[in-house]
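We're numbering straight along the sequence, starting at 1.
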Amino acid sequence: MTPPATSPHRALGGAVAGIALVLVAVLIGAAAQRVTATPATLAAPAAGVAATGRTTTVAVTADGMRFHPDRITVPAGDRLIIEFTNRDRRRHDLVLATGARTPIVGGGGTARLDAGIIGGTAEGWCSLPGHRQAGMTLTVTTTPGTGSAAATGHDHSVPAATPEPSAAAPRVDAMAEPGAGFTARDAAAPATPAGRLHRLDLRVQEVQRDVAPGIRQKLWTFNGTTPGPVLRGRVGDTFEITLINDGTLDHGVDFHAGALAPDEPMRPIDPGQRLTYRFTATKAGIWMYHCSTMPMLHHIGNGMYGAVIIDPPDLPPADREYVLVQSELYLGSDGEPGDLAKMQAERPDAVVFNGYVAQYAHRPLTARPGDRVRIWVLNAGPNRTTAFHIVGAHFDTLYREGRWQLRPDDSGAAQVLDLTPAAGGFVETVLTEPGHYPFVSHVMVDAERGARGTIHVR
């Protein structure tokens, strides 16, 4: 028999709610579709449980990165049928530990899952990367005797138990030398374009990349690199970005440099789809862009971020201009995506500038004595602060989060540019003597994890 339908509740608490509220509007509705679950090998009833010959049918919806209800109680021995509806625009499935599963269902779609005879507790989850760990779980339990199934919903901001980080992940040696053929990412800042309209195709690509000597990870990227391409313009410039999803998962993009309703331009799109994101830059700074798909922690933590520089008006020239994006690595198994459980536990394997452990310690940035060096710094996080410092240098210029805080004609100087996740700015210094000037995050544990490099003045 079919129990009365229950009203779904959007269960987004704590930090997850803070991130997800901007996306609530984009997670509603789409063209309906219907798919049929592929037959699965079903577990036999638990010992001592006889089949009743009855069938219990329960409606389950996916909405807001949760199942509603997330707990189903079935009379022991009944056959369970789950009528699954996906109310998100994002794709989801439902997998039970018994082996029964639905296909992946698009937004607005439905599927029918035959769970077989229920003789004990069975866990369920969405199998798309990160969804289970972000809270898309469901429990099927039994009650003795006859009667209808009970379906109950509970609010959870995180799963009841956070999985332990992968034990199979490789270990980072932050002091290891890369091979002779290693080429560091070019940290030079792009020149400010002359035009006022900037168009870019931003392709989602899943690539295997070295992130440290001898360690490869499967990264989700924009245009094949982590960080993605650095964009640049001036206040008043318009950016027209075409997001093209060449990956296997749904992805979106959020440009902090734009100020506009997120409903449509930041919505996640399925593999093979594209969307156009257009914004006009009205404020100066170095701005983060990143994947806007939940769980954002996983998508940012696995490489989907980049920087947009909007020059402050009348920005003076510099002799050398570099861009450093700090981020964290949470390694999964060799060649696999990053480990969301480590991200949730804030246990990074490495902290890096521009996507690779200590790359500029082995392939230094360069300058000449007397050069004015400007370094733009963006902290992509997703979790840790940075305290950017150059050993042996004073910063006579400091610009943080859209505001000049220090100019060359001021009497003082700064020693550090401190930035929370998603914050950015730049510093300037003049290195007068030849030599090697190390730069680090002065959060020293992170410097020792790989957030370090060198400027070679010669």
Side-chain angles (χ1 to χ4, degrees), residues 187-193 230-237 256-257 259 281-288 307-326 351 353-354 360-361 364-381 384-444 446-447 451-458:
T192 304
V230 177
L231 286 68
R232 191 163 191 176
R234 293 165 290 173
V235 173
D237 286 5
H256 292 191
T282 59
K283 299 293 183 180
I286 179 169
W287 303 88
M288 184 175 176
V308 180
I309 296 173
I310 305 300
D311 291 350
D314 303 319
L315 179 69
D319 298 300
R320 306 278 175 148
E321 197 172 15
Y322 294 111
V323 181
L324 297 175
V325 181
Q326 180 177 304
V351 181
F353 292 119
N354 290 350
Y360 303 115
L365 307 180
T366 60
R368 294 171 298 185
D371 278 355
R372 174 160 291 276
V373 179
R374 175 182 297 141
I375 300 181
W376 295 87
V377 183
L378 174 71
N379 182 11
R384 299 190 61 77
T385 61
T386 187
F388 183 75
H389 171 73
I390 300 177
V391 179
H394 293 154
F395 301 144
D396 65 15
T397 303
L398 191 149
Y399 182 93
R400 180 198 286 113
E401 283 293 281
R403 182 178 180 184
W404 296 95
Q405 297 187 338
L406 189 66
R407 298 275 196 148
D409 56 357
D410 293 339
S411 61
Q415 58 198 310
V416 70
L417 172 60
D418 53 310
L419 301 168
T420 59
F426 69 80
V427 291
E428 294 179 9
T429 188
V430 177
L431 305 173
T432 58
E433 296 183 359
H436 294 82
Y437 294 78
F439 60 83
V440 298
S441 170
H442 222 285
V443 180
M444 295 311 299
D446 291 341
R452 61 188 179 90
T454 300
I455 303 173
H456 186 189
V457 178
R458 55 185 176 183

Heavy-atom closest pair, residues Ser441 and Gln326: CB-OE1, 3.6 Å
Donor-acceptor under 3.5 Å (Arg374 side chain, Pro316 main chain): yes
Residues Asp237 and Arg232 bridged, charged N to O under 4.0 Å: no
Main-chain N/O of Gly424 paired with Glu401 side-chain donor or acceptor, under 3.5 Å: yes
Inter-residue atom distance Phe388.CZ - Leu417.CG, 0.5 Å rounding: 8.0 Å
Atom of Tyr399, atom of Ala284 and distance for their closest heavy-atom approach: OH-CB, 3.5 Å
NE2 on His436 to CZ on Arg458, rounded to 0.5 Å: 8.0 Å
Minimum heavy-atom distance between Gly285 and Trp376, given as atom pair plus value: C-CZ3, 4.4 Å
Donor-acceptor contact below 3.5 Å, side chain Thr429 vs main chain His394: yes
Side-chain touch Val323/Leu378, heavy atoms, less than 4.5 angstrom: no
Close side-chain approach of Asp446 to Thr386, heavy-atom, < 4.5 Å: no
Under 3.5 Å donor-acceptor, Asp371 side chain and Arg320 backbone: no
Steps toward side chain to side chain contact (heavy atoms under 4.5 Å, CB included) verdict (Tyr437, Val457): CA-CA 8 Å; Tyr437 294 78; Val457 178; 3.6 Å; yes
Close side-chain approach of Leu231 and Trp287, heavy atoms under 4.5 Å: no
Within-4.5 Å side-chain heavy-atom neighbours: Asn354 and Tyr360: yes
CG-NE2 distance between Asp418 and His442, expressed to the nearest 0.5 angstrom: 12.5 Å
From CD (Glu428) to CG (Leu398), nearest 0.5 Å: 10.0 Å
Exercise: identify the closest heavy-atom pair between Val308 and Ala257: CG1-CB, 4.2 Å
Residue Asp409 excluded, over 12 heavy atoms near CG under 6.0 Å: yes
Residues Thr385, Val443; criterion side chain to side chain contact (heavy atoms under 4.5 Å, CB included); working and verdict: CA-CA 8 Å; Thr385 61; Val443 180; 4.2 Å; yes
Spacing of Ile455 atom CD1 and Leu365 atom CG [to the nearest 0.5 Å]: 6.0 Å
Taking every non-hydrogen atom, the tightest pair across Pro421 and Gly381: CB-CA, 4.3 Å
Side chain to side chain, Ile390 and Phe395, heavy atoms closer than 4.5 Å: yes
Stepwise side chain to side chain contact (heavy atoms under 4.5 Å, CB included) test for Ile309 and Phe426: CA-CA 10 Å; Ile309 296 173; Phe426 69 80; over 6 Å; no
Side chain Tyr322, main chain Thr366, donor-acceptor under 3.5 Å: yes
Heavy-atom side-chain proximity of Phe439 to Ile375 below 4.5 angstrom: no
Heavy-atom closest pair, residues Arg234 and Pro193: NH2-O, 3.7 Å
Side-chain donor-acceptor contact under 3.5 Å, Asp311 with Thr192: yes
Asp410 vs Asp396 side-chain heavy atoms within contact, under 4.5 Å: no
From CG (Leu419) to CZ (Arg384), nearest 0.5 Å: 14.0 Å
